[in-house]
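Worksheet for the structure shown next.
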4 protein chains.
Amino acid sequence: MKYGIIGYSGRMGQAIEELFSEAGHELVYQMDENGEKEIEKPEVVIDFSLKEAFADTVRVIKEKEVPLVIGTTGLDDTDFAKLDELAEKVAVIQSFNFSIGINILSELIKKVNKYVDRDWDIEISETHHRFKKDKPSGTAIMLGDLLERDVEMHSKRLGSEFGEHEVDFASIGEVLTLKHRAYSRKAFTQGVLLSAEKILDLEPGFYSFSEILK
Amino acid sequence: MKYGIIGYSGRMGQAIEELFSEAGHELVYQMDENGEKEIEKPEVVIDFSLKEAFADTVRVIKEKEVPLVIGTTGLDDTDFAKLDELAEKVAVIQSFNFSIGINILSELIKKVNKYVDRDWDIEISETHHRFKKDKPSGTAIMLGDLLERDVEMHSKRLGSEFGEHEVDFASIGEVLTLKHRAYSRKAFTQGVLLSAEKILDLEPGFYSFSEILK
Amino acid sequence: MKYGIIGYSGRMGQAIEELFSEAGHELVYQMDENGEKEIEKPEVVIDFSLKEAFADTVRVIKEKEVPLVIGTTGLDDTDFAKLDELAEKVAVIQSFNFSIGINILSELIKKVNKYVDRDWDIEISETHHRFKKDKPSGTAIMLGDLLERDVEMHSKRLGSEFGEHEVDFASIGEVLTLKHRAYSRKAFTQGVLLSAEKILDLEPGFYSFSEILK
Amino acid sequence: MKYGIIGYSGRMGQAIEELFSEAGHELVYQMDENGEKEIEKPEVVIDFSLKEAFADTVRVIKEKEVPLVIGTTGLDDTDFAKLDELAEKVAVIQSFNFSIGINILSELIKKVNKYVDRDWDIEISETHHRFKKDKPSGTAIMLGDLLERDVEMHSKRLGSEFGEHEVDFASIGEVLTLKHRAYSRKAFTQGVLLSAEKILDLEPGFYSFSEILK
C-alpha cells in the first residue's frame, strides 16, 4: 500500500512509519510543521497531528480524494461535522484510541454489564508511569462510562508502566477481572495498520474503529 | 418458593439449602441415600446427586410434574435423552457448572476469539488447592475448547485456593487478561438459586444455564 | 499438648479448637461469657477474647502459672504492663496478627526498604469483602508504617474477599511486587498453633510473634 | 565520571551509554569489533561484551589499572580465576544480572525460605515475549536454585513481555507472592550505573553485585 502521514515527525507518526514499513507499505506523502513532501499520490492518508492542523487535513483529503484514518485528539463537534462532509466522498475511520485490546475490553465490559445486576461490586484500577499527571486516566474514565453506575477508581503511578487498566466485577461468591496492558506504542500503531489495510475496501462513509474490528 | 433437593446430604445439597433458606425459600422435599422426606409438593426440584441416582430423579420428576434444575455430573447421552423426554412436559435447566462468572467468562472468550487472529498468543492458567489431582482442571479444558486452536495450559497447585482460571491474549503490542476466581461454593449455589427462581416462569423445554443468564 | 482457650465461643476460639484438635492436641480448659470449665490443668492457655475480659486472663495465668499465647485486640499500655508482669514467671507470646504470611511480608518490606532509595515509587493496595467498613485496613496501615515515608493507599471492597495486601516498589526500569492473600481464618490459627507448640520450650519472658517465627 | 565501555556497539553497550550520559558521565574510551578509541584514560571500565573478547578485557584492565564492572555472560572458572588476579590490584564488580529488583528478589526468596517449612507449596512462574526460546528462563532457574527443593516452573510466552518472574509460597491458610517485572533494559543499566558510581570508592578486590546493593 502507498500511504501518507500527516503529523509525520510526531511520536505516533514515527511509530506508524516504523510499523508500516515493517509490513511492506510505502510512504509516499508526508506533512508536518516542516512542510509537505509528496513522492506520489497515496492510497490512504493517516492523520495523527494536532487539532490546530485539522484544517490542513481537511484540505488535503478534499484535494486528493483518498480515504482517511484519523486519531488526532481534541476534535470537537465542528471538526466532526467536517469529517462527515469528507465521508460523503471517501471512507473515514476515526478513533481517540486505536488499541485493539482496549476496544475489545470496551466490548467485553458492555457484555458483562448486561449479565450482572446491582448486587455485583464493580471497581476500576489503572497503573501508569510516574510522570502521568491526570488521575484517573482518560481511558479509565471512558471505561467507567460504559457501566451504568458510579464506580470507585484507583490510580497507581509506578515507574515507567506504559499503561494498565483493570475492571473487577464481584459477587458474594466470585470475582471476574478484565485487564489490559500495553507493552509499547505498538498497541496503538497496530490498530492504525489494521484500519489502513481495511479502509481500501470500504465504501465512502464515517466509521468508528470498533466497527472496523467487528 | 417451595423447593425440593435430590442429593440433600451432599456438600452442594447442604450449601444450596443454606443459600435458599437465606433467600426465604422453603425446603419441602428432600431425597438422598437415607431415603425420601416430603412435607409438601415442591414447585421446583434441584438435583445435585450422583449419576447412579439419576433413575430416581427421572421417576420423581415424572410423578410430580415439576420443573427441574440439574447439576449432577457425569451424565451421558442416554441420560440427556431422558432429560429431553422430561422437557416435553416441564422446564429443565441443566449445566455442569452453575457459576455465573465462569459462564460469563465463557461468553467473553468466545467474543474475544472472534476479534483476534492467529498472530495473537493465547495461554490458559489455573490455580487450585494442593489436593486437586487432575491437571488441568475440567473447567480449564472446557474454556480451552472454546478457542479454535491448541493452547498452552499451566496448572498451579497452591494451598487451599478454591479455584482461579485465567486466559491471556497477547499481540506484539498488548495483552488482554480475563480472570475468574471463586471465593467459595457460593459461586455455584448462586447460579442454582437464579435458575430455580427463573424456572417458575419458563415454558416446558430444555435450557442450558447460559441461556438463563442471557 | 493439653491446652486451654479463653474466648472459647468466639469465632477465633472455635477455629483454634478445630485446628488444634486436627493436630492432635487436647482441650482441657475453656472460658467464655458462659463461664469456666476445667477438665485438667492446661500446659498452655490461648486467649482470643475481648479487652473487657483481660482482667480474668491475668488472674487465670497467675493462678495456673502456665504460658500464654494472646491475640486479643485493643490492649493498651496498662495491659502490656500486666503482660510484662506475667512474663516474669511464664512465657508470653503476643501479637495483633498471627498470620505467618503477614509477618513474613513485614520482614520483607523492611528488607526491601533498606535497598531502595527515594527514587523508587511505593504504593500499597488492599482488597477486602464488601462488608469491611474501615479503609484502609489496619494491616495496610501497619505495613505502611514500616516504610519511612508517606505512601498512597488503595482500598478495594469486592465480594467476599477474605483479605489481600500488596506493596509495589517501582523504579524507572522495573517493579517489585509483594502480595499476601489469606484463604481463610486458618491463615491466623496456624500461627497460633505454631506459637503454642513453641512456647512449651521457652524461658519465661515476653515474646512477639515475629520473634517466634525467626 | 570518565568511563569506558567494552562491547560499545552491543545493545547493552548502547543502553549503558544512553543512561550514563543522562546521568552526566563522560564516555572517554570504547572498544568493540570495530576496534578501540581512546579520548582519555577512563576512571572505570564497563564490560558487556562476549566471552570471546574476554582476553582483551583482561589486557585492557592490566594496562590501565582501573576498576572494572563486568556483566559479560558465559564466563567460566578459568575466566573467574583471571578476574581474581585483576582483583588483586583493582576493584572488580561482577554479575550475570545487574537488575536491582531481581537481586532484591533473590534476597527475599532466601529470607522467606528460612521461614517456611516443607508444608508450604512453592511454584515459580515466568512470562517473556514470544521470541524467547529457552524455557524456563535462566533467571527462573537461578531463583529456583535458591530454594532447597524441586519446584514446579511455569513459562508463558506472550507478546512482547520484557520479563516477569513470580514465586508463590502457599500454606493451607494463605499465599505469599513475590513478583518482579522489568519495564525495559533500564532495569539492568541502572544496576550498572550504581556499580560504576560505587566502585570508585572501593578497595581492590572481587565484589558481587548483591554485595554492592547492601
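Because the structure is predicted, anything quoted here is derived from the model rather than measured. Within every chain, numbering begins at 1; the chains are lettered A, B, ... in the order of the sequence lines, protein sequences first and strands thereafter.
Taking CD1 of Ile102(B) as the start and CG of Leu176(A) as the end, the distance is 8.5 Å to the nearest 0.5 Å. We find the NZ-NZ distance between Lys111(A) and Lys111(B) to be 5.0 Å, quoted to the nearest 0.5 Å. The CG atom of Leu178(A) lies 9.5 Å from the CD1 atom of Ile104(B); values are rounded to the nearest 0.5 Å.
Considering only heavy-atom pairs separated by less than 4.5 Å from chain B, the leading option among Glu164(A), Lys179(A), His165(A) is Lys179(A).
Across every non-hydrogen atom of Val175(B) and Tyr183(A), the tightest pair is CB-OH, 3.3 Å. Here the closest non-hydrogen pair linking Gly173(B) and Ala187(A) is O-CB, 3.4 Å.
No part of Leu19(A) comes within reach of chain B, as not one of its non-hydrogen atoms sits under 4.5 angstrom from that chain. There is no contact between Lys114(A) and chain B, counting heavy-atom distances below 4.5 Å. Neither the backbone nor the side chain of Thr189(A) has a heavy atom closer than 4.5 Å to any heavy atom of chain B. For chain B, no part of Glu166(A) is nearby; none of its heavy atoms comes within less than 4.5 Å.
With Glu174(B) as reference, His180(A) is the one residue of Gln190(A), Lys186(A), His180(A) to meet the side chain to side chain donor-acceptor pair (under 3.5 Å) rule.
More than 12 heavy atoms of other residues, nucleotides or ligands shown are found within 6.0 angstrom of NZ on Lys132(B). Atom CG of Asp150(A) sits in a sparse spot, with 12 or fewer heavy atoms from other residues, nucleotides or ligands closer than 6.0 Å. Under a cut-off of 6.0 angstrom, the local environment of CZ in Arg149(A) is crowded, with over 12 non-hydrogen atoms contributed by other residues, nucleotides or ligands. Few gaps surround CD on Glu22(A); more than 12 heavy atoms of other groups in view lie less than 6.0 Å from it. Around atom CD of Glu18(B), no more than 12 heavy atoms belonging to other residues, nucleotides or ligands sit under 6.0 Å away.
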Please step through side chain to side chain contact (heavy atoms under 4.5 Å, CB included) for the pair Leu108(A) and Tyr115(B), ending with a clear verdict.
CA-CA 11 Å; Leu108(A) 300 185; Tyr115(B) 283 117; 5.9 Å; no

